[in-house]
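Notes follow once the structure below has been shown.
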Amino acid sequence: MEVKPVKGTHDILGADIILYQRIEDALAKTAHTYGYLEFRTPIIEHTELFSRSVGDSSDIVRKEMYTFLDKGNRSLTLRPELTAGIIRTIVNNKLYASQDFPIKASYIGPAFRYERPQAGRFRQFSQFGVEAVGLDSHLIDVEVISLGYNALKSLNFIDITLKINTLGDDESRNNYREALRAYFSEHIKDMCSDCKERLKINPLRILDCKVEEDQKIIKQAPRIQDYLTSDSKERFSKTVNLLDSLKIKFDLDENLVRGLDYYSEVVFEYHYISRDGKSFGALGAGGHYSHLVEELGGPNLAGVGLSFGIERLAQVVENEKLLFDAFPFLAFYIMPIGDVNIEKVYELNEKIHRLGYPSEMAYESKSLKALFKKAEKRSALFAILIGDEELEKEVLTIKNLRTKEQTSVALADFDNVANNIVEEELVELNEER
RNA sequence: GCGAUCGUGGUGAAGUGGUUAACACAUCUGGCUGUGAACCAGACAUUCGUGGUUUCGAUUCCCAUCGUUCGCCCCA
């Protein structure tokens, strides 16, 4: 019987990969312009890395990780996100020793979560993100938010909704958590079972419950603003003001909390609603963290980071046709005619490869009808026809597949001619678009 | 973890307790020995996700299982 791909995983084949490459290039380039270079860390890590960073109270750690014992009886986990690995490597390599802060890293690669697949959500998915560690300032918080915003712009996104909120520092958060706990304890008997569970684990998470009856209770709940320390309050208003002067639009969302336990101070999400009203949840999200580095065995350094879901971006980019120029093509498709010496044709094919033009040949001579169809399927710009006549006279018959013009070119001149006609044709194509 | 939905060729799909399993597109061959159309004639599912049950007989009913798509939860 046929072996199927694992649930929630997908193959991306041939031409479809071009969209992903375009997106990944654009994201990496934006990160680069802000001074972030890629860190590439392993896909498997010790389970403990995630229980300590993402947090035991998070859904991710409690029920969504691919965890297994290896042959040495170590508990390992396929990473459910990439931040933890980045912080671990910063600690392991003592990148903080030079005191040259912030340490900037970007990352891109697969992550795994055991969830039910649905729109924009898979069990294997890819994340792109950045982390800035060691500088505890609203400046770097804003830089990361802005980087994400511009990354989306570079993919031609318009109408991005940036939601932001602050969770405050430790003191703010502790006070607020206690206030919430006290408040919800009185009302919990009327609330949904998930909220009952959240009250025990992390009362902050009750705030983004969507059950209607619960919403009424949540509206009356204590608000984070009233529990922020003056430091946190000031930091958040500086953040907001700077975003304003950068002309980055945002919505304050007091109920925005995050499912990962390590966040404090500013948190944010990028949302996009397509023209047909479809949403894939957040395209990207991030926030500031105060204790993550210390928790993973490093010094007491703060950080800020964000991440995007590549598949979600790809789906929107494709649905909304945000990128136009991503199509594959061959410069030349070589057609052997009749019982021409196929080895000679192959030699020419090889020669064109070496000149650097994407080209392909038909490996056997067929009806011209069939050969032209193949050329069209590959979006070739030109066909090169070679039969006995051409070989004898040492010429090539080159046909422009768009205009149907056909010329005969001496084999010796091919290098020069190829360069000119390909350039010209690309210019023409771009003008047409 | 919960709820719904759907699984028939390379693709889109119709259909029925007993059929040669329609139709269309794509592909291949020939009509037409070196120029992409159209047309015509052919070819193309040892079979209807997998396993089992009922039945004289199952692609069709039933059960299970795997997978798809979508929603909840949560998340990127």
Side-chain angles (χ1 to χ4, degrees), chain A residues 1-10 27 54 57-65 79-83 107-129 148 151-152 192-195 197-198 201-202 205-206 208-211 214 256-260 268-272 278-287 305-316 333 335-340 364-377 380 383-391 397-406:
Chain A
M1 203 186 92
E2 211 173 298
V3 178
K4 297 282 178 52
V6 171
K7 184 173 182 152
T9 67
H10 289 278
L27 294 172
V54 176
S57 79
S58 67
D59 280 17
I60 292 175
V61 171
R62 290 186 333 141
K63 48 191 194 194
E64 295 176 1
M65 294 207 301
R79 61 186 183 195
E81 53 103 55
L82 281 73
T83 299
Y107 59 79
I108 188 160
F112 303 82
R113 291 183 199 170
Y114 191 85
E115 299 182 273
R116 288 292 285 271
Q118 54 184 280
R121 172 182 299 183
F122 312 102
R123 288 188 171 178
Q124 176 176 335
F125 61 103
S126 298
Q127 287 194 323
F128 159 85
L152 290 174
C192 71
S193 57
D194 286 330
C195 283
E197 186 70 13
R198 293 184 187 114
I201 300 165
N202 183 356
R205 295 251 303 279
I206 296 178
D208 61 7
C209 178
K210 273 117 197 158
V211 178
D214 292 9
L256 175 64
V257 296
R258 304 281 310 139
L260 286 70
F268 52 91
E269 290 182 350
Y270 304 89
H271 290 257
Y272 180 81
K278 221 176 162 187
S279 164
F280 297 109
L283 294 173
L306 69 77
S307 71
F308 284 102
I310 303 281
E311 288 78 3
R312 287 182 183 184
L313 293 175
Q315 285 190 9
V316 176
Y333 190 69
M335 304 177 174
I337 296 170
D339 48 3
V340 65
E364 56 184 339
S365 134
K366 292 190 174 188
S367 75
L368 280 170
K369 182 168 152 183
L371 292 177
F372 276 113
K373 277 191 174 174
K374 280 174 183 285
E376 189 181 356
K377 207 159 93 186
I384 299 181
L385 291 81
I386 307 179
D388 286 334
E389 289 174 32
E390 280 82 1
L391 282 186
T397 301
I398 299 180
K399 181 166 186 174
N400 181 318
L401 291 168
R402 184 176 57 87
T403 64
K404 318 244 190 282
E405 285 167 37
Q406 188 165 305

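Letters A, B, ... are given to chains in the order of the sequence lines, protein chains preceding strands, and every chain is numbered from 1.
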Give one of base, sugar-phosphate or nothing for [X], where a contact means two heavy atoms less than 4.0 Å apart.
{"X": "A/Glu115", "result": "base"}
{"X": "A/Gly387", "result": "base"}
{"X": "A/Gly8", "result": "sugar-phosphate"}
{"X": "A/Leu371", "result": "nothing"}
{"X": "A/Tyr333", "result": "nothing"}
{"X": "A/Gly129", "result": "nothing"}
{"X": "A/His271", "result": "nothing"}
{"X": "A/Gln406", "result": "base"}

Quick one: does any side-chain atom of [X] pair with a main-chain N or O of [Y] as donor and acceptor, under 3.5 Å?
{"X": "A/Arg79", "Y": "A/Pro110", "result": "yes"}
{"X": "A/Glu311", "Y": "A/Ser126", "result": "yes"}
{"X": "A/Gln315", "Y": "A/Arg312", "result": "no"}
{"X": "A/Ser365", "Y": "A/Gly338", "result": "yes"}
{"X": "A/Arg113", "Y": "A/Pro80", "result": "yes"}

Base of [N] paired with side chain of [X] (donor-acceptor, under 3.5 Å):
{"X": "A/Lys399", "N": "B/G36", "result": "yes"}
{"X": "A/Gln118", "N": "B/U69", "result": "no"}
{"X": "A/Glu390", "N": "B/G34", "result": "yes"}

Say you pick atom [atom1] in [N] and the same atom in [M]; how far apart are they, in whole Å?
{"N": "B/C39", "M": "B/C25", "atom1": "P", "value": "9 Å"}
{"N": "B/A22", "M": "B/U53", "atom1": "P", "value": "29 Å"}
{"N": "B/U46", "M": "B/G52", "atom1": "C1'", "value": "23 Å"}
{"N": "B/G31", "M": "B/A14", "atom1": "C1'", "value": "32 Å"}
{"N": "B/A45", "M": "B/U55", "atom1": "P", "value": "33 Å"}
{"N": "B/G17", "M": "B/G12", "atom1": "P", "value": "26 Å"}
{"N": "B/G7", "M": "B/C48", "atom1": "P", "value": "14 Å"}
{"N": "B/U47", "M": "B/G30", "atom1": "P", "value": "30 Å"}

Practice task
Measure across A/Asp214 and A/Cys195 and return the closest heavy-atom pair with its distance rounded to 0.1 Å.
Solution key: OD2-SG, 3.4 Å
[X] has a side chain; which of [options] sits nearest to it?
{"X": "A/Ala370", "options": "B/A76, B/U27, B/C28", "value": "B/C28"}
{"X": "A/Lys7", "options": "B/A76, B/G71, B/G67", "value": "B/G67"}
{"X": "A/Lys373", "options": "B/C73, B/A4, B/A37", "value": "B/A37"}
{"X": "A/Arg121", "options": "B/G1, B/A76, B/A37", "value": "B/A76"}
{"X": "A/Arg116", "options": "B/C28, B/A76, B/C70", "value": "B/C70"}
{"X": "A/Ile337", "options": "B/A76, B/G1, B/G34", "value": "B/G34"}
{"X": "A/Ala119", "options": "B/A76, B/G71, B/G36", "value": "B/G71"}
{"X": "A/Lys404", "options": "B/U35, B/A76, B/G36", "value": "B/G36"}

Exercise for the section: Examine A/Tyr270 together with A/Tyr272 and report whether their ring centres are nearer than 6.0 Å. Expected result: no
Practice task
Please answer whether B/A76 and A/Phe125 are stacked, defined here as ring centres separated by less than 5.5 Å and planes angled under 30°.
Solution key: yes
Provide, to the nearest angstrom, the distance between the [atom1] atom belonging to [X] and the [atom2] atom belonging to [N].
{"X": "A/His10", "N": "B/G67", "atom1": "NE2", "atom2": "P", "value": "12 Å"}
{"X": "A/Leu385", "N": "B/G36", "atom1": "CG", "atom2": "C1'", "value": "10 Å"}
{"X": "A/Leu27", "N": "B/A76", "atom1": "CG", "atom2": "C1'", "value": "12 Å"}
{"X": "A/Asp214", "N": "B/C73", "atom1": "CG", "atom2": "P", "value": "11 Å"}
{"X": "A/Glu376", "N": "B/A26", "atom1": "CD", "atom2": "C1'", "value": "13 Å"}
{"X": "A/Glu269", "N": "B/A76", "atom1": "CD", "atom2": "P", "value": "7 Å"}

Going by heavy atoms in the side chains, are [X] and [Y] under 4.5 Å from each other?
{"X": "A/Met335", "Y": "A/Phe372", "answer": "yes"}
{"X": "A/Arg123", "Y": "A/Val6", "answer": "no"}
{"X": "A/Val54", "Y": "A/Thr83", "answer": "no"}

Practice task
Nearest-nucleotide wise, let me know which of A/Leu401 and A/Leu283 is further upstream toward the 5' end of RNA chain B.
Solution key: A/Leu401
Problem - A/Glu64 vs A/Lys369, nearer the 5' end of RNA chain B by closest nucleotide - result: A/Lys369
Exercise for the section: Only stems of 3 or more consecutive Watson-Crick or G-U pairs count here, both distances under 3.5 Å; name the ones for RNA chain B, or none. Expected result: B:1-4 with B:69-72, B:10-12 with B:23-25, B:27-31 with B:39-43, B:49-52 with B:62-65
Exercise for the section: Taking only the side-chain nitrogens and oxygens of A/Gln127, find out if one of them lies under 4.0 Å from OP1 or OP2 of B/A76. Expected result: no
